[in-house]
Amino acid sequence: MTEETINIEKIKNLFRTGNYRLTVHCFERLVERKLAPEDIKEAVLGGEIIEKYPEDKYGPSCLICGKTRQGRILHVQVSCDPVWVITAYEPTLSPAKWDTSFKRRRKA
């Protein structure tokens, strides 16, 4: 899979139909960060890809930035084929790492 084939609409369609899974690591992070699986789904369905990782360790993945219904900004990393949620976090808790939109990393 190339960077061009990492497609947000395909990922969103799989989320709409329930054809995605959460890794054990993701479940652990959800508990730790007081997030619910529904928060992840809301963020992905309303989100956009902000980074692509075509050469990721376990297969192509991407980082999606979106919001929950409550307005929490989340970053959700998902593998692309099949779709597995790898992790999720609130970038607002690390504002020094991100620009004000939380869509671009600040230069070190």
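Computed from a predicted model, the values in this text were never measured in an experiment.
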Checklist entry - Going through the checks in order, is the side-chain contact (heavy atoms from CB on, under 4.5 Å) test met by Arg105 and Asp99? => result CA-CA 6 Å; Arg105 292 183 192 269; Asp99 70 3; over 6 Å; no
Nearest heavy-atom neighbours spanning [X] and [Y]:
X	Y	value
His25	Ile86	CD2-O, 3.1 Å
Ile50	Phe102	CD1-O, 3.8 Å
Ala96	Arg106	O-CD, 3.0 Å
Cys80	Ile6	SG-CG2, 3.4 Å
Asn19	Val83	O-CB, 4.3 Å
Gly46	Lys12	C-NZ, 4.4 Å

Is there a chain of hydrophobic side chains (I, L, V, M, F, W, Y, each step under 4.5 Å between heavy atoms) that links [X] to [Y]?
X	Y	result
Ile73	Ile64	no
Tyr89	Phe27	no
Leu14	Ile8	yes
Val76	Trp84	no

Straight-line distance of [X] [atom1] to [Y] [atom2], nearest 0.5 Å:
X	Y	atom1	atom2	result
Thr100	Lys103	OG1	NZ	10.5 Å
Arg69	Leu45	CZ	CG	9.0 Å
Leu93	His75	CG	NE2	11.0 Å

Given side chains that start at C-beta, do those of [X] and [Y] come closer than 4.5 Å, heavy atoms only?
X	Y	value
Trp98	Arg104	no
Thr87	Thr23	no
Val78	Cys62	yes
Phe15	Val85	yes

Next on the checklist: One pair to check against side-chain contact (heavy atoms from CB on, under 4.5 Å): Leu74 and Val44. What are the steps and the verdict?
Outcome noted: CA-CA 9 Å; Leu74 295 184; Val44 169; over 6 Å; no
Next on the checklist: Run the side-chain contact (heavy atoms from CB on, under 4.5 Å) test against Arg72 and tell me which residues pass, sequence neighbours left out.
Outcome noted: Leu35, Asp39, Thr68, Glu90
Checklist outcome for this item: Asn13 meets the side-chain contact (heavy atoms from CB on, under 4.5 Å) criterion, sequence neighbours left out, with Arg16
Checklist entry - Is the backbone of Pro91 close enough, under 3.5 Å, to the side chain of Ser94 for a donor and an acceptor to pair up by distance? => result no
Item to check | N/O donor-acceptor pair under 3.5 Å between Ser79 side chain and Pro82 backbone | outcome: yes
Item to check | Pairs meeting criterion salt bridge (charged side-chain N to carboxylate O under 4.0 Å, His left out) with involvement of residues 22-34, two or more places apart | outcome: Arg29-Glu32
Checklist entry - Does the side chain of Glu51 pick up a donor-acceptor pair with the side chain of Tyr53 at under 3.5 Å? => result yes
